[in-house]
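Numbers restart at 1 for each chain; the letters A, B, ... are given by sequence-line order, proteins then strands.
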There are 2 protein chains.
Amino acid sequence: MYTVAEENYIKSIYHLQRQQQNVSTNALSARLQTRPASVTDMLKKLEAKKLLTYEKYYGCRLTAAGSRLALNIIRRHRLWEYFLSEKLGFGWEEVHEIAEQLEHVQSTALTEKLDAFLGFPRFDPHGDPIPDGTGKMSQQWQLPLCEWPVDKPGLVSAVGSQDERLLEMLSQKKLHIGAVVVVVQQFAFDRSLEIRLEDGCLVHISEQLGKFIFIKKQ
Amino acid sequence: MYTVAEENYIKSIYHLQRQQQNVSTNALSARLQTRPASVTDMLKKLEAKKLLTYEKYYGCRLTAAGSRLALNIIRRHRLWEYFLSEKLGFGWEEVHEIAEQLEHVQSTALTEKLDAFLGFPRFDPHGDPIPDGTGKMSQQWQLPLCEWPVDKPGLVSAVGSQDERLLEMLSQKKLHIGAVVVVVQQFAFDRSLEIRLEDGCLVHISEQLGKFIFIKKQ
DNA sequence: GGAAAAATTTAGCCAAAACTAAAAAATAAT
DNA sequence: ATTATTTTTTAGTTTTGGCTAAATTTTTCC
Ligand SMILES: [Mn+2]
Ligand SMILES: [Mn+2]
Ligand SMILES: [Mn+2]
Ligand SMILES: [Mn+2]
């Protein structure tokens, strides 16, 4: 139905749309690692296919059909990530790359049977919600660690990046999804955080890192 | 490393090479459903990459590197077929199409972990052997049903085609891999066969169909 | 409000992998 | 041994999705 290139554009636009309401050519160009001129060409093509609206010089927005497609690709991506992590034993820093390929395998039956085989998981290994067949996904109320109140226990609910170095660092600090944490104090100087884990260990987290760790209520 | 198109050529050449020792442009063209002119172009490219030797007007043969690649693609294909059939519950007539896409996902780690997860299966759902990481695969001595002796019980060991209509027909006749069969008689008129299954059922098999069912000793 | 900077589009080009039509070589048939 | 047929290659296009360089539009700054 759609090419790999088209699917990657649609997925990127969907993700960017949550920050900017009109996705700019440059933002896409940066995310997809292609030159702006190539983005312009593709936007015209995707508009012709009615997956998005595009206004010259002012960026694009997904149509309803475009959003549906995006959610379907994200569904496939996150189901495969869950499979790779839970069934094949990959680390959470390895799954994203491989899922980038698997997400483009076209077969509705495959997606549905995989979902059932996995037990209809609601969140992927990074804590991101997995859309269901109709595009709905569970929301969870969460805050970045650096905004979480001191002394109030919380659960690590998601990470806000796929950066392998970040994920590996979190693994080392035992900050996996579901870990219980308490912010002990925030240092005024650099706004870094000291947190305590379930086993009593104290861990130091830079402000930069704290922005990527999401916490929800216990 | 290699494109989907290149991998499909290498795989087809490998399969054709078992019949003709020099694979002709037309044979490839027929199998890949592309025009001969396109095949010629690709053969030159694959020769430049040292995956095959190619002599103008006389066809091609895989090099050692080409055979290694082919066996690796076949390994991926058959492992995915096994996964789809055993874990996801697809019928054996559905798995080939989907595996045609999955086989092109590039990740050695994925192949190896999938193999381990599946318990290192030696045969795919159609009875074809799965090459190991080094390209070796178990051979099994087998004969087409139409050459199997009368009254001697045997096991269905493989099917010689991926044709969905054939596979569905075999399922209906309960002729799955591992089924025990006895040839009761061969009709002289059209050389069709009457066979008996474990449960005593008598099944009639045309000569044409019998060529695609392989039998081994119990 | 107009100049400078930044963002975006246009125009022209390229590589991969397909195609058609015509030429050339190999094979088969008289 | 020619001729006819089949197979294969060459030459020239097309589509997809990239690219660079130049032109254009928008935004920012004085
Ligand atoms: Mn991911
Ligand atoms: Mn994820
Ligand atoms: Mn197959
Ligand atoms: Mn098979």
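- Residue A:Asn26 places at least one side-chain N or O closer than 4.0 Å to OP1 or OP2 of C:dT8.
- Rounding to the nearest 0.5 angstrom, the gap separating the OG atom in B:Ser38 from the CG atom in B:Leu28 is 11.5 Å.
- The CZ atom of B:Phe90 sits 9.0 Å away from the CZ atom of B:Phe83 when rounded to the nearest 0.5 Å.
- Atom CG in A:Asn22 sits about 14 Å away from atom C1' in C:dA7, given to the nearest Å.
- In the set D:dT9, C:dT9, D:dT10, D:dT9 carries the atom at the smallest distance from any side-chain atom of B:Thr25.
- The interatomic distance linking B:Leu43 (CG) with C:dA16 (P) rounds to 16 Å, in whole Å.
- Rounded to whole Å, atom P of C:dA16 lies 17 Å from atom CG of B:Asn8.
- The two atoms that bring B:Asp190 and B:Ser192 nearest to each other are OD1-OG, 2.8 Å, heavy atoms only.
- Near DNA chain D, meaning a heavy atom under 4.0 Å away, the residues from residues 46-60 of chain B are B:Tyr54, B:Lys56, B:Tyr57.
- Partners of A:Glu103 by salt bridge (Lys or Arg N to Asp or Glu O under 4.0 Å), not counting sequence neighbours, listed by chain and number: A:Lys11.
- Side-chain N or O atoms of B:Gln106 include one that pairs as donor or acceptor with a backbone N or O of B:Tyr2 at under 3.5 Å.
- Using modelled atom types and a 3.5 Å distance limit, the side chains of B:Ser24 and B:Asn26 yield no donor-acceptor pair.
- Side-chain contact annotation: B:Asp124 with B:His77, donor-acceptor N/O pair under 3.5 Å absent.
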Measure all distances between protein nitrogen or oxygen atoms and nitrogen or oxygen atoms of nucleotides 18-21 of chain D, and list the pairs falling under 3.5 Å.
residue, atom, partner, partner atom, Å
D:dC19, OP2, A:Arg35, N, 2.8
D:dC19, OP2, A:Ser38, OG, 2.7
D:dT20, OP2, A:Arg35, NH1, 2.7

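- Rounded to an integer number of Å, the gap from A:Lys44 NZ to D:dT16 C1' is 15 Å.
- In this structure a side-chain-to-backbone donor-acceptor pair under 3.5 Å is present from A:Lys173 to A:His204.
- At whole-Å resolution of the value, CG in B:Leu28 and C1' in C:dA18 are 15 Å apart.
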